[in-house]
Protein chains: 2
Amino acid sequence: MSKKNITINDIARSLNIAPSTVSRALNDSRRISEATRQKVRQKARELGYELNLIASSLSKDRTGTIGLVIPNISQSFFSQSVSGIEAVTRENNCRLIIAQSNESLEREKDILRMFQSYRVDGVIASLSIESNEISHFKELQDKGIPLVLFDRVHYGLDCTKVVVDNYEGAFKAASHLISSGCRRPAHLGGPLKNRLFRERADGFAEALARHDVPLLPNFLLSTDLTPTDVQDAMRLWMNQPKPPDGIFTASASTGLLLTRIARNMQIRIPDDLALITFGNEPCHEYTVPSLSAIDMPGNEMGGTAAEHLLRAISNPKTEKKLVIKPLQLYIRNSTLRKSMTHVADRPHPG
Amino acid sequence: MSKKNITINDIARSLNIAPSTVSRALNDSRRISEATRQKVRQKARELGYELNLIASSLSKDRTGTIGLVIPNISQSFFSQSVSGIEAVTRENNCRLIIAQSNESLEREKDILRMFQSYRVDGVIASLSIESNEISHFKELQDKGIPLVLFDRVHYGLDCTKVVVDNYEGAFKAASHLISSGCRRPAHLGGPLKNRLFRERADGFAEALARHDVPLLPNFLLSTDLTPTDVQDAMRLWMNQPKPPDGIFTASASTGLLLTRIARNMQIRIPDDLALITFGNEPCHEYTVPSLSAIDMPGNEMGGTAAEHLLRAISNPKTEKKLVIKPLQLYIRNSTLRKSMTHVADRPHPG
DNA sequence: TTGAAAGCGCTAACAC
DNA sequence: GTGTTAGCGCTTTCAA
C-alpha cells in the first residue's frame, strides 16, 4: 500500500515551474529568487517530499556515504571509535556504512568490494589481524577512493593514518610497573609480524633497559593472544623458580583473562603479581582488583580519522599525514603494591 | 587520479553487443545464451567491472539495503544483535546501515528520515528510552517500508516484534534468589511507563507471591537507573533496620554499579546480599564475585528480526508476528550463598 | 536470444 | 532567475 514517493517533478508540476528550479530551491543554490525558494520549500513540506538520495547520488556521482571497516564492534575501543566517527560524519551530514571484518581477510576484501559497488565517497578502516596483504586497499585507492586507516594500520599504504604511540605507551606501562616496585616484569605480547605489537614489545624492553632492570629469559613472549596462549604463558612463567612479579599485556582482553587465571592459580594481584594492560575496557573498573591500563582514545581517534577523510574527499590533493594520539595511563589497584597507597574504588578520571 | 569506473556500456561496446544483453548476462537472466553469458562475464572480469549499486537501485527501485536503529552499540546485547542481523543480511547479500539513536528521540527521527532518503528496503529498530511517541515509525510504515522491532518494542506499532518474556525472566530471577535462601529480596527496576520494565517488576512480584515471600515496603523500586538512582536506592535500602538480602536489578549495567557500591559500603556479596541482573555482559564473569544473570539471546533475536524483515520485504503481505525468545539463567557466584556450593570461576556455559 | 528505447529521480550545463 | 535538455548507469518493457 506504499504511497508513491513524491518527486521534484510532482512539486514542479503543482507549482508550474521546472524541476531544475525546484532542485535549485531545495539545494539552496544562489541562483534562485527568495520568493520561489520559499514557495518550493513550502510546497515540498506540504506534499511530504523527501529527497531521493539514490537518484541524487547517481547524478552527482557522490553518495555522501563513507564506509567503515572494523574488526569487531564489540571491543569497546572500536565502539568508541564508531561514536567518534559518527559524530563527525553526522555533523557534515554524511552517512556511514559500518561493516565488521571479524578479523578475516576474506571478509575484509568482500566488504571493500561492497563499498565500491556502493560508490562510497571514502573508506575508514582498521585492519583485521589477518591483513598482512593489502592489495585490496591498494585497488580501492587506484579507483580514486580516499582511505584513512586508524589504530591497526599498514605502513605500506600511502594514506593518512591515525595511531597511538605504541612504543611510548608500552614504555609508560613498563616504567609504571617498575616504579610500583616490580623487579621482574614480563610482557605478554602479540604477534611480532605486526608492527603495532613489535612497538609495544620494544617500548617494554627499552623501559627496562632505561631503568636498569634486567629482561629475563622468556619474560618477553610473543603469542597470538588466544585464551590458550595466555594460559600457556602463565603456566610457563609461574612454574619457574622465580616467576615474574609484574605483567604488561599487549591487549585489554588478555588482562581480564589473566585475572581469572591468576585467581585460579591462587596468585594474588597486585601483591604477588602486578598487572597492567595496553587498552582499557569499561570492565577494568569492575574487576577485583581494578585493572591499570594504558587507555587508547578511541573516540578521538575515530573523530580525527573522519575529519581527515572528509578533507581528503573534498580535496583529493590533501596531504597524507601520520597522526599520533597521546596515550593516558590509568592507575588502578592491579599495580598498587603492598608498600603503596590504596586507591579507593571509583570511576576513573574523565 | 581516479580511473573512470567501468560500466556495462564499456563491456557492451568492447563486445559489440547491447548494454541490455550485458545486464542480462550479469544478472543471470534466463533469457540469455550460455555462450554470451560466459563471454560477458569473462570480459567483465577482464576490465575489472563492478556493479554500480546506486544506478541499479535507482532503476530497480530497491536498494538491497536495510537500516538498523539501535540505542547504543556499545552495550553487548546490541552489539550481539548487530552480529546476528549482519549474519543474516550478509547471507542474503543485502547491505546494512547502522545508526545509533543514543537514546534520543530527536536523533531517532533524524535517522528514520535519513533512511527514507536512502530508500532502504526495510528497517529494524530497538527504540530509544525516550520513544513513547512513535509517529515517526508510523510515517515510515505509511510509505510502505517494512518495519521489525526487537527488544525495545512498542505495542502500538503494527509490525513483527522480537522480544523476550520479561515477565518470565524476572520470575526466574526472583525465584532463583529465593531458592538461594533470600527471604527479603528487592527489585531495582526501571521506569514503569515502559512496559518492558513493568513486566520485569510484575514477574518479580509474582515470584515472591508464588513462594509466599513477602514483598516488603520500598522493596520494589522504579527509577531511571541512572548511577545516582542506583546509589540512592542502595542508601535507602541499606539504612533500613532490616535491609534486603538479595537484589534483582532490571539492567546489566546497574548490577555492575551495584557491586562497586556494595564494596564501598562494606557489604559482602553474596553473603550479605545476593545479586542477579536482567541482562548479561561479558564483564559479569570477571567481577568478583562473578554476577548471576538472565541472559538475553541478542544474536538470535537479531537474526530472527532480520529474517522476518527480509520476508516482509519480499512479500509485504507476510503476517506480522510477536516472536518471544526464551531466556536463560546463568548462575554465578553472586547468588551462591554460604550454605551453597561454590562454583569455580570459569566461562559460563555455551 | 538479442537489441532498441524509455525511464528511475535528480543535477548541471547551457540557453534565454 | 528560470527553463530546456542531456545525462548519471542500470533495468525493463517491447520488438525483432
Side-chain angles (χ1 to χ4, degrees), chain A residues 2-41 43-44 47-65 95 116-121 143-144, chain B residues 2-41 43-44 47-65 95 116-121 143-144:
Chain A
S2 75
K3 277 186 205 165
K4 218 177 135 309
N5 280 312
I6 305 296
T7 74
I8 54 170
N9 297 306
D10 298 327
I11 300 180
R13 207 172 314 118
S14 86
L15 247 35
N16 257 314
I17 57 178
S20 54
T21 306
V22 176
S23 172
R24 278 189 286 255
L26 259 21
N27 288 294
D28 282 322
S29 159
R30 292 170 299 104
R31 335 148 110 246
I32 191 94
S33 74
E34 185 56 24
T36 35
R37 218 183 64 86
Q38 294 291 349
K39 208 171 51 177
V40 169
R41 308 206 134 228
K43 183 58 95 183
L47 297 178
Y49 170 80
E50 296 275 3
L51 168 69
N52 184 328
L53 271 177
I54 301 298
S56 169
S57 298
L58 181 61
S59 78
K60 285 202 293 201
D61 200 28
R62 283 193 308 103
T63 54
T65 300
R95 282 141 305 285
Q116 280 173 59
S117 271
Y118 224 102
R119 300 296 193 262
V120 296
D121 293 343
K143 300 233 166 138
Chain B
S2 76
K3 273 186 207 163
K4 218 177 134 313
N5 280 312
I6 304 297
T7 73
I8 55 170
N9 296 306
D10 299 326
I11 300 179
R13 206 170 314 119
S14 86
L15 247 37
N16 257 313
I17 58 178
S20 53
T21 306
V22 176
S23 172
R24 277 189 287 256
L26 259 20
N27 287 293
D28 282 322
S29 157
R30 291 169 299 104
R31 333 148 110 247
I32 192 91
S33 75
E34 186 56 23
T36 35
R37 216 182 67 86
Q38 295 291 351
K39 207 173 48 179
V40 168
R41 310 205 131 230
K43 183 57 94 181
L47 298 178
Y49 169 80
E50 295 276 2
L51 169 67
N52 183 329
L53 271 178
I54 301 297
S56 170
S57 297
L58 182 61
S59 81
K60 285 202 293 201
D61 199 28
R62 282 193 309 102
T63 54
T65 300
R95 283 142 305 284
Q116 279 173 57
S117 271
Y118 223 101
R119 300 298 193 262
V120 296
D121 293 343
K143 299 233 166 139

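Sequence lines set the chain letters: A, B, ... in the order given, protein chains first and strands last, and positions in each chain run from 1.
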Measure [atom1]/[X] against [atom2]/[N] and give the value in whole Å, please.
X: A/Asp10; N: C/dG9; atom1: CG; atom2: P; result: 9 Å
X: B/Ile8; N: D/dC8; atom1: CD1; atom2: C1'; result: 12 Å
X: B/Leu26; N: D/dG9; atom1: CG; atom2: C1'; result: 12 Å
X: A/Ile17; N: C/dC16; atom1: CD1; atom2: P; result: 21 Å
X: A/Glu34; N: D/dG1; atom1: CD; atom2: C1'; result: 13 Å
X: A/Arg13; N: C/dG9; atom1: CZ; atom2: C1'; result: 12 Å
X: A/Leu15; N: D/dT2; atom1: CG; atom2: P; result: 11 Å
X: A/Glu50; N: C/dC10; atom1: CD; atom2: C1'; result: 15 Å

Less than 4.5 Å apart, any side-chain heavy atom of [X] and any of [Y]?
X: A/Glu50; Y: A/Asn5; value: no
X: A/Arg37; Y: A/Asp28; value: yes
X: B/Thr7; Y: B/Asn52; value: no
X: A/Val22; Y: A/Lys43; value: no

Exercise. Any donor and acceptor pair, going by atom type alone, linking the side chain of A/Arg62 with main-chain N or O of A/Ser57 inside 3.5 Å?
Worked result: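 No; judged by distance alone, with no hydrogens or angles, the pair does not exist.
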Exercise. Hey, which of these two, B/Arg31 or B/Lys60, hits DNA chain D nearer its 5' end, going by closest nucleotide?
Worked result: B/Lys60
Problem set entry | Donor-acceptor pair (no angle test) under 3.5 Å: A/Arg24 side chain, D/dG3 base |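 Per atom types, the contact qualifies.
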Problem set entry | Closest-nucleotide ordering on DNA chain C, the 5'-leading residue of B/Arg30 and A/Ile6 |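 Here B/Arg30 is the residue nearer the 5' end.
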Exercise. Nearest 0.5 Å, what's the CD1-CG distance between A/Ile32 and A/Asn27?
Worked result: 10.0 Å
Please state whether the phosphate of [N], meaning OP1 or OP2, lies under 4.0 angstrom from any side-chain nitrogen or oxygen of [X].
X: B/Tyr118; N: C/dG9; result: no
X: B/Ser33; N: C/dT2; result: yes
X: A/Asn27; N: C/dT11; result: yes
X: B/Ser20; N: C/dG3; result: no
X: A/Ser56; N: C/dT11; result: yes
X: A/Thr36; N: D/dT2; result: yes

[X] side chain, from C-beta outward: closest of [options]:
X: B/Ala18; options: C/dC10, D/dG3, C/dA4; value: C/dA4
X: B/Leu51; options: D/dG9, D/dT11, C/dC10; value: D/dT11
X: B/Ala55; options: C/dC10, C/dT2, D/dC10; value: D/dC10

When all nucleic acid strands are considered with a 4.0 Å heavy-atom cut-off, which category describes [X]: base, sugar-phosphate, or nothing?
X: B/Asn52; value: sugar-phosphate
X: B/Ile54; value: nothing
X: A/Ile32; value: sugar-phosphate

